Amino acid sequence: MNVISVVTKPFPGQKPGTSGLRKKVKLFSQPGYLESFVQSIFDNLPDRQGKTLVLGGDGRYFNDVAIQIILRMAAAAGFGRVLVGQNGILSTPAASAVIRKRGAFGGIILSASHNPGGADGDFGIKYNLGNGGPANEGFTDAVYQRTQDISVYRQVAAEDIDLGRLGETRIGEMPVSVIDPVADYAALLESLFDFGRIANLLARPGFRMRFDAMHAVNGPYAHAILEDRLGAPAGTVVNGTPLPDFGGGHPDPNPVYAADLVAALADPKSGLSFGAASDGDGDRNMIVGRGFIVSPSDSLAVLAANHQLIPAYALGLAGVARSMPTSCALDRVAAELGIACYETPTGWKYFGNLLDAGKATLCGEESAGTGSNHVREKDGLWAVLYWLNIVAVREQPVEQIVREHWRRFGRNVYARHDYEGLQTAQAETLFAELRQKLPALAGSIVAGTRIKAADDFCYIDPVDGSRSERQGVRVILEDGSRIVFRMSGTGTEGATVRLYLERYEPDPARHEIPAGEALVSLAALAEKVARIAEISGRKVPDVIS
Ligand code: VG1
Ligand code: CO
């Protein structure tokens, strides 16, 4: 095999964040940038010789170019085979499913998820282990170390291969299988849910669903599963053709970026009763009822509380897990079920050990990512099918299901405020001040409210004992209300600050009050504590979800 060694240099800042390395396409496409990072991954996989690697991405701009580069490098690195999604496409949960089903050594997923695409947008890459889940911090730190002293990368001299044709081909001497990106994943989902019942629901005259794929990767998956297998009428899936720039949109399923879907469900003339959307790489979801948006933290709690209705989970949940900023609605369900509820830092990589060890069956985050032990990633279409299965069995609209849940468990009123693209220096000042204040905050009275505890979340993994520090500042009030501050680890421009607000409301008569209203005083308290508006000059957040 004709392996060429190319001299390269360390590029600054190749440090993976919450979910892999995300940077502007302009940075990623400069000579040697992607290559240095990929070689740094391979250099940390000493046992890769002869093994199988899975490769695919969300189809964004530069996906096709990057796939060909990585194939040439995988061949030079001695992999035995690469399984690549047709046209270079694999949603994040589908990649996880393929890695697990085919017993692959690991996988590379090309995605910047919800970040905008196109030539001026973002690109991203992450490595997943043989369990199908994102590599842990130990691994990503080691990759980052390697990027800082790398001097050479290796590739085979070979032409681009045709990724449009399914079947076997080669690059250099290494076999490459171009696989159907949907098949393994769809079969897995079919094994978890009651497809017969969901199909009946979709055929009911009074039930109309819309799935907005936001021009991102889930289009082909939603077409195949919802329309072809489950018989939803053609047109159920909208924006279903993946585009390299996501049609100029922002494939983040929240009330701001999926405003069209929310408006359609709010309009009685649309006849729609169930709406759903997913993000750039298909791992997150939004569920919308008629004129009613389900808060992601509530969605997770509802899934857990209704597990007995789902074939795959009917026998019980081993435990559940949520990220720290996610509301405690899940904890209340776990307490009633008598199972453990784990609290992890933000990012799916922290759920992997709990899932592998059989400690948790369902996991989720407030950012609309939910999933289970069927894969090791969050899974957008899985959540949509789970909800459809619940609606099919309970024969109730989405809003009623959530309101009944609140009546039973109380309502964890919740909101996340995102301040996007602040100047990095401002955000750093904000967090430096906040962290400095922490020791004095606990026990003090701010705006007439006593603060019970204040800390910077530190996680000790219950399976391998690893420590992750500085995972978000928590301020807990005497009545159990919480304010959390975090710096986003997925953005590529400036710094995005997230503020999370949560207050428990047991009184059903007060469940009608909109979250914004119910959280006004908590938001004011947050401003007193952290001075986000004052420091940044931003009067209101860019996104409230
Ligand atoms: C955000 C979300 C987090 C999620 C991560 C990756 O991270 O808050 O819950 O796991 O995105 O999701 P951050 O660091 O920006 O808050 V995805 O679907 O964009 O890969
Ligand atoms: Co995503």
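Just so it is clear, the model here is predicted, and its values are computed rather than measured. In listed order, ligands and their atoms are each counted from 1.
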Is it true that [Y] and [X] share a donor-acceptor pair across their side chains at a distance under 3.5 Å?
X      : Y      : result
Ser297 : Ser295 : no
Asp281 : Ser113 : yes
Glu137 : Ser468 : yes

Which residue supplies the protein heavy atom nearest to [atom], what is that atom called, and how far is it?
atom                    : result
atom 9 (O) of ligand 1  : Ser367 OG, 2.6 Å
atom 11 (O) of ligand 1 : Thr490 CG2, 3.6 Å
atom 4 (C) of ligand 1  : Glu365 OE1, 3.6 Å
atom 19 (O) of ligand 1 : His114 ND1, 2.5 Å

Do [X] and [Y] sit within salt-bridge range, that is, some charged N less than 4.0 Å from a carboxylate O?
X      : Y      : value
Asp120 : Lys24  : no
Lys15  : Asp141 : yes
Asp184 : Arg102 : yes
Glu433 : Arg435 : no
Arg322 : Asp331 : yes
Arg474 : Glu343 : yes
Asp252 : Arg284 : yes
Arg416 : Asp418 : yes

Report, in ascending order of atom number, the atoms of ligand 1 lying under 4.0 Å from any heavy atom of [X].
X      : answer
Lys378 : 6 (C), 10 (O), 12 (O), 17 (V), 18 (O), 20 (O)
Arg486 : 13 (P), 14 (O), 16 (O)
Asp283 : 18 (O), 20 (O)
Arg498 : 8 (O), 13 (P), 15 (O), 16 (O)
Arg284 : 12 (O), 17 (V), 18 (O), 19 (O)
Arg22  : 17 (V), 19 (O), 20 (O)
Arg416 : 8 (O)

Does NZ or CZ of Arg22 lie under 6.0 Å from the centre of the six-membered ring of Phe28, at an angle within 45° of the ring axis? no
Tell me the contacting part of Ser488 for ligand 1: side chain, backbone, both, or neither, using a 4.0 Å heavy-atom threshold, strictly below. both
Logged contact type for Met487 with ligand 1, heavy-atom cut-off 4.0 Å, is neither
If we only look closer than 2.8 Å, how many protein N, O or S atoms does the Co ion (ligand 2) have near it? 4
Is the distance between the ring centroids of Phe409 and His405 less than 6.0 Å? yes
Nearest neighbour of atom 3 (C) of ligand 1 from the list Asp279, Asp418, Thr346, Thr496, on a heavy-atom basis: Thr346
Considering only heavy atoms, which of Gly20, Gly280, Ser113 lies nearest to atom 17 (V) of ligand 1? Ser113
Is [X] close enough to touch ligand 1? Criterion: a residue heavy atom under 4.0 Å from a ligand atom.
X      : value
Glu420 : no
Gly347 : yes
Lys126 : no

Angle between ring planes, Trp382 versus Tyr313, binned at 30° and 60°: parallel, tilted or perpendicular? perpendicular
Purely on distance, is any nitrogen or oxygen of [X] under 3.5 Å from one on ligand 1?
X      : value
Tyr500 : no
Gly489 : yes
Trp348 : no

Pairwise side-chain contact, Pro93 with Tyr185, heavy-atom cut-off 4.5 Å (strictly under): yes
Give a yes or no on whether the backbone of Tyr221 and the side-chain of Asn218 come within a donor-acceptor separation of less than 3.5 Å. no
